[in-house]
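Naming: A, B, ... by sequence-line order, numbering from 1 per chain.
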Amino acid sequence: MKQFLAALAFFAVLLGAWEFAARHSGASSLLLPSPTAVWRYFFGSPSPDGGTVGGAVWDGTLGGATLVTMKRLFLGYGVGIGIGIPLGMLTARFKFLHNTVGTIALGLQTLPSVCWVPLALLWFGQTETAMLFIVVMGTVWAVILATDHGIRQIPPIYREAASTMGSKGLHLWLKVLAPASLPHIVSGAKQGWAFAWRSLMAAEIYITILSGMGIGHLLHYGRELHAMDQVVGLMFVIIVIGFLADKILFSPWERFLHRRWGLTNS
Amino acid sequence: MSLASELAVPPPSKIRLAGVSKKFTTNRGTVQALEDINLEIGEGEFVCFVGPSGCGKSTLLRIVAALERNFTGTAEVNGKMITEPGRDRTVMFQEHALFPWLDVLGNVLFGLKLKPDLSKKDRLEVARYYLQLVGLDGFERANIHELSGGMKQRVALARALAPNPRLLLMDEPFAALDAMTREQLYGDLQKIHAARKKTILFVTHNVREAVCLGDRVILFSPRPGRIRKKFRIELPRPREFNDVAMASLAAEITGELKTILAPAQ
Ligand SMILES: Nc1ncnc2c1ncn2[C@@H]1O[C@H](COP(=O)(O)OP(=O)(O)O)[C@@H](O)[C@H]1O
Ligand SMILES: [Mg+2]
């Protein structure tokens with residue numbers, strides 16, 4: 001409790017200092033929007049002449065953009081996971097695939113996903129498909145690698161014990177190898193999620209599109225309109241979504257791994 | 001299949017090994033793990049393999065389990081060539097090898113779920129029967145990492161017994177446990193052997209343990225792995241680990257073992 005209060009005090013002071021600097025440093029609000037300006041971007045009010053009345057939260061722009069972005073994110077992530085996990089199992093199973101697909105995955109995983117933007121634009125134009133492509137490229141390699149590694153590190157004794165009880169083929173894969181690699185698959189899925197989120201922001205910032213305005217687009221237009229309160233506000237939104245999604249999606253798995261396997265977060 | 005027939009004691013297996021040899025080839029060279037093993041094991045016999053480490057005891061057990069292939073010679077269980085692993089021959093390892101993603105009950109149910117003719121209710125009943133047999137009723141919902149080493153091996157024993165095998169293969173199952181826990185398990189294992197009448201192959205490097213448990217003790221010598229000598233243990237059961245008659249028998253076998261460890265120059 002004491003530590004919590006101390007942390008709270010720290011953030012209050014930080015916020016105060018920021019507000020003070022924005023008002024009195026003489027820097028233009030373009031370079032350093034004040035916390036109150038960011039607050040006004042979200043929740044609106046003051047000055048009918050100075051700007052902002054409704055606020056992005058109330059007029060629906062923020063909600064709408066979040067919805068569009070989340071749809072893209074879940075679709076891209078879902079496809080990435082749906083391809084990555086089975087493919088990782090195959091590369092773990094077949095030496096040839098490990099040497100080929102596995103090597104490609106190892107290489108492409110190091111490629112920042114913004115680098116896919118030019119190709120995506122060329123191939124798919126300014127479309128949802130281009131967005132999807134970028135997110136999938138951002139997700140899939142890490143998931144393949146984690147799954148492949150997860151399956152390879154399974155102690156052979158699990159497979160042997162299962163086989164002496166009559167487990168083989170598909171049963172062995174679904175009931176032994178998949179759950180035995182669960183800790184790695186979960187951490188791969190988590191890593192994939194972080195990559196998907198970063199990729200999508202890159203895609204939305206770089207690809208102007210008519211079929212739906214996402215958070216990244218709002219950020220992009222904020223910059224074009226010199227609305228730095230909007231830019232900073234959206235950065236907060238991006239942080240909060242990333243944080244919450246991580247907690248909501250992965251905490252249950254991590255709790256399960258902790259309770260059942262006795263594993264702690266690594 | 002009914003619950004009664006599932007819980008009935010099946011006829012135990014007999015084993016015939018004739019001229020079994022096994023070579024391992026690695027990039028560090030070739031190891032003759034087993035050479036010309038000839039051994040017959042009767043129905044319901046409790047047979048212990050002893051010998052210094054590296055003399056092929058585990059390899060022979062794994063050949064019977066069909067976890068090890070590419071050997072030469074004949075290995076038969078109940079007159080049939082051993083080709084693939086099967087739940088008529090379950091295995092217990094030195095490491096418990098329990099599945100950490102399942103709780104205690106889930107582990108014991110694993111092999112039972114591969115028996116399609118059993119209803120869900122019957123499976124539960126069978127699993128509970130074996131948990132009780134190994135003294136773990138009340139631990140059904142425990143997670144594996146919460147159990148002590150001895151309890152883990154008890155779960156592993158229940159899991160190996162649950163599919164109702166005719167042959168139980170045990171590879172140093174108690175080696176990692178403390179002495180007190182081990183002695184309890186010797187008693188329990190003898191009881192289970194008496195109640196369930198299984199043929200048991202038990203690998204150990206502990207001569208006292210072998211004499212305490214086995215109807216026969218097979219002594220192996222290394223490089224290449226061969227059967228050195230077979231001993232029949234005629235002591236009455238149940239046997240106490242600290243029994244005096246057993247100690248003198250164990251001393252005799254240990255004497256033989258020492259000649260293996262310190263071969264004539
Ligand atoms: N998978 C393997 N690959 C190579 N060598 C092996 C393998 N398994 C066992 N060996 C070798 O075979 C010999 C017998 O091993 P093992 O059966 O484990 O002996 P024990 O159980 O009596 O200690 C040892 O020399 C061991 O190094
Ligand atoms: Mg061994």
Side-chain angles (χ1 to χ4, degrees), chain A residues 81 85-86 88-89 92-93 95 146-190 250-266, chain B residues 58 61-62 64-69 82-116 118 141-147 152 155-165 167-171 173:
Chain A
I81 289 280
I85 291 180
M89 290 185 164
R93 171 70 182 77
K95 191 85 189 144
T147 307
D148 178 278
H149 174 70
I151 289 186
R152 284 165 172 275
Q153 61 74 47
I154 297 173
I157 202 166
Y158 287 158
R159 189 193 297 250
E160 292 181 349
S163 76
T164 64
M165 290 183 278
S167 173
K168 54 186 170 186
L170 194 62
H171 185 275
L172 188 68
W173 275 87
L174 294 179
K175 300 291 181 170
V176 181
L177 301 181
S181 53
L182 193 63
H184 287 88
I185 292 181
V186 168
S187 80
K190 199 172 155 164
F250 298 105
S251 284
W253 289 98
E254 283 169 346
R255 273 200 303 275
F256 171 75
L257 290 177
H258 178 68
R259 177 172 55 82
R260 182 53 65 71
W261 299 54
L263 294 178
T264 44
N265 290 13
S266 50
Chain B
S58 297
L61 189 99
R62 290 168 58 83
V64 177
L67 293 173
E68 215 65 79
R69 319 266 167 102
I82 296 168
T83 52
E84 57 173 357
R87 55 176 177 248
D88 61 315
R89 290 162 275 140
T90 53
V91 185
M92 215 184 134
F93 304 91
Q94 177 174 347
E95 313 89 67
H96 57 77
L98 295 171
F99 302 141
W101 57 93
L102 299 172
D103 59 13
V104 166
L105 186 65
N107 269 281
V108 179
L109 281 171
F110 185 90
L112 290 168
K113 286 191 175 155
L114 285 153
K115 293 192 157 185
L118 276 179
R141 287 294 161 207
N143 296 311
I144 303 306
H145 71 97
E146 298 161 345
L147 304 176
K152 282 178 187 150
V155 179
L157 180 57
R159 181 175 76 169
L161 289 170
N164 211 8
L167 169 60
L168 187 57
L169 303 166
M170 307 175 84
D171 193 354

For a 4.5 angstrom cut-off between non-hydrogen side-chain atoms, does [X] reach [Y]?
| X | Y | answer |
| --- | --- | --- |
| B:V91 | A:E160 | no |
| A:I157 | B:F93 | yes |
| A:K175 | B:K113 | no |

**Prompt:** Quick one: what part of B:L98 sits under 4.5 Å from any heavy atom of chain A, side chain, backbone, both or neither?
**Reply:**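 Just the backbone, heavy atoms under 4.5 Å.
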**Item:** Under 4.5 Å from any heavy atom of chain A - which part of B:E84
**Value:** side chain
**Message:** Looking at A:W253, I want to see if its CH2 is surrounded by more than 12 non-hydrogen atoms of other residues, nucleotides or ligands under 6.0 Å.
**Reply:** no
Nearest-0.5 Å distance, [atom1] of residue [X] to [atom2] of residue [Y]:
| X | Y | atom1 | atom2 | result |
| --- | --- | --- | --- | --- |
| B:L102 | A:R260 | CG | CZ | 7.0 Å |
| B:K115 | A:M165 | NZ | CE | 12.5 Å |
| A:R159 | B:L67 | CZ | CG | 11.5 Å |

**Prompt:** If you count heavy-atom pairs under 4.5 Å with chain A, which of B:R89, B:R159, B:M92 comes out on top?
**Reply:**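 Heavy-atom pair counts peak at B:R159.
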**Request:** May I ask you to decide if the ring planes of B:F99 and A:Y158 are parallel, tilted or perpendicular, using 30° and 60° as cut-offs?
**Result:**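 Taking A:Y158 first and then B:F99, their aromatic rings stand perpendicular (interplane angle over 60°).
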**Main-chain N/O of A:G262 paired with B:N143 side-chain donor or acceptor, under 3.5 Å** =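 No, B:N143 side chain to A:G262 backbone: no donor-acceptor pair under 3.5 Å.
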**Prompt:** Does any heavy atom of chain B fall under 4.5 Å from the side chain of A:K168, the backbone, both, or neither of them?
**Reply:** side chain
**Item:** Greatest number of heavy atom pairs closer than 4.5 Å to chain B - which of A:S163, A:G166, A:P155
**Value:** A:S163
